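Everything below concerns the one structure shown next.
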Amino acid sequence: MQTSIKREFKRIFMSAGKIPFDVPSGEEVFNVIQLMTDQDLCILISVSGENEKMIQTARQLRVRGIKLISMTKNQENTLAHLCDYQLYVEAGGYVETPIHWQYESTTSYFILIDILFLKYLEYQNRKEQDHAVGELGTATV
């Protein structure tokens, strides 16, 4: 489920010229952490918020002063407590399929990504307008 969410996040933000860097949750993440600075923002996506590797990653990123956003189910979890900002998705129940698999809807994650993207575009537009007004304000006659 996390992979689908990350793919959608990456796809939608690429349309705004932003290319999120997708860091696999394996050992590679600890190499990437060394390249990050306090100018970076890291969004950690975990359905449960209790994945031990993700929690360890969040702790290391916090030590480096990197801003963290968690995206988890709407519940108390360790990852959310470690992050500067928390985005919660309402936890849906599991539905059993005819072949006895459990299905959980991911729609609420994609709605959250859409909202984030639209708010990002709004922020960018406001920033550009403020910059344009600032340039006009410094003109002399």
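Quick note: numbers below take in every heavy atom, side chains included, and nothing from hydrogens, waters or symmetry partners. Computed from a predicted model, the values in this text were never measured in an experiment.
Judged by distance alone, the side chains of Ser46 and Asn51 never bring a donor and an acceptor atom under 3.5 Å apart. A donor-acceptor contact closer than 3.5 angstrom is absent between the side chains of His81 and Gln86. Between the side chains of Glu90 and Ser108, no donor N or O sits under 3.5 Å from an acceptor N or O.
Side chains of Lys73 and Ser48 form no contact here, defined as non-hydrogen atoms less than 4.5 Å apart. Here the side chains of Leu61 and Ile33 are in contact, with some heavy-atom distance below 4.5 Å. With contacts defined as side-chain heavy-atom distances shorter than 4.5 Å, the pair Tyr88/Leu112 does not qualify. At least one side-chain heavy atom of Ser15 sits less than 4.5 Å from a side-chain heavy atom of Phe117. Side-chain contact between Met54 and Leu44 is present, with heavy atoms from C-beta onward closer than 4.5 Å. Looking at heavy atoms from C-beta onward, Arg59 lies out of side-chain contact with Arg62 at the 4.5 angstrom threshold. The shortest distance between side-chain heavy atoms of Phe13 and Glu8 does not fall below 4.5 Å.
For Phe9 against Leu116, the heavy-atom pair with the smallest separation is CE1-CD1, 4.2 Å. Thr37 and Ile66 make their closest contact through O-CG1, 3.3 Å (heavy atoms, listed as atom of the first residue, atom of the second, distance). When all heavy atoms of Cys83 and Ser70 are compared, the closest pair comes out as SG-CB, 3.5 Å. Nearest heavy atoms, Asp38 versus Arg64: CB-O, 4.3 Å. In terms of heavy-atom proximity, Phe110 sits nearest to Thr106 at CE1-OG1, 3.1 Å. When every heavy atom of Met14 is checked against every heavy atom of Pro20, the shortest pair comes out as CG-CD, 4.4 Å.
Cluster membership for Ile43 and Tyr120, using ILVMFWY side-chain heavy atoms within less than 4.5 angstrom, is shared.
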Would Cys42 and Lys67 satisfy side-chain contact (heavy atoms from CB on, under 4.5 Å), going step by step from the backbone distance to the final call? CA-CA 6 Å; Cys42 189; Lys67 291 286 183 208; over 6 Å; no

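The CD1 atom of Ile113 sits 12.0 Å away from atom CG of Leu118, with the distance rounded to the nearest 0.5 Å. Separation of atoms CG (Leu79) and CG (Leu68) is listed at 8.0 Å; rounding is to 0.5 Å.
Within 6.0 Å of the CD atom in Glu76, the count of heavy atoms belonging to other residues, nucleotides or ligands does not exceed 12.
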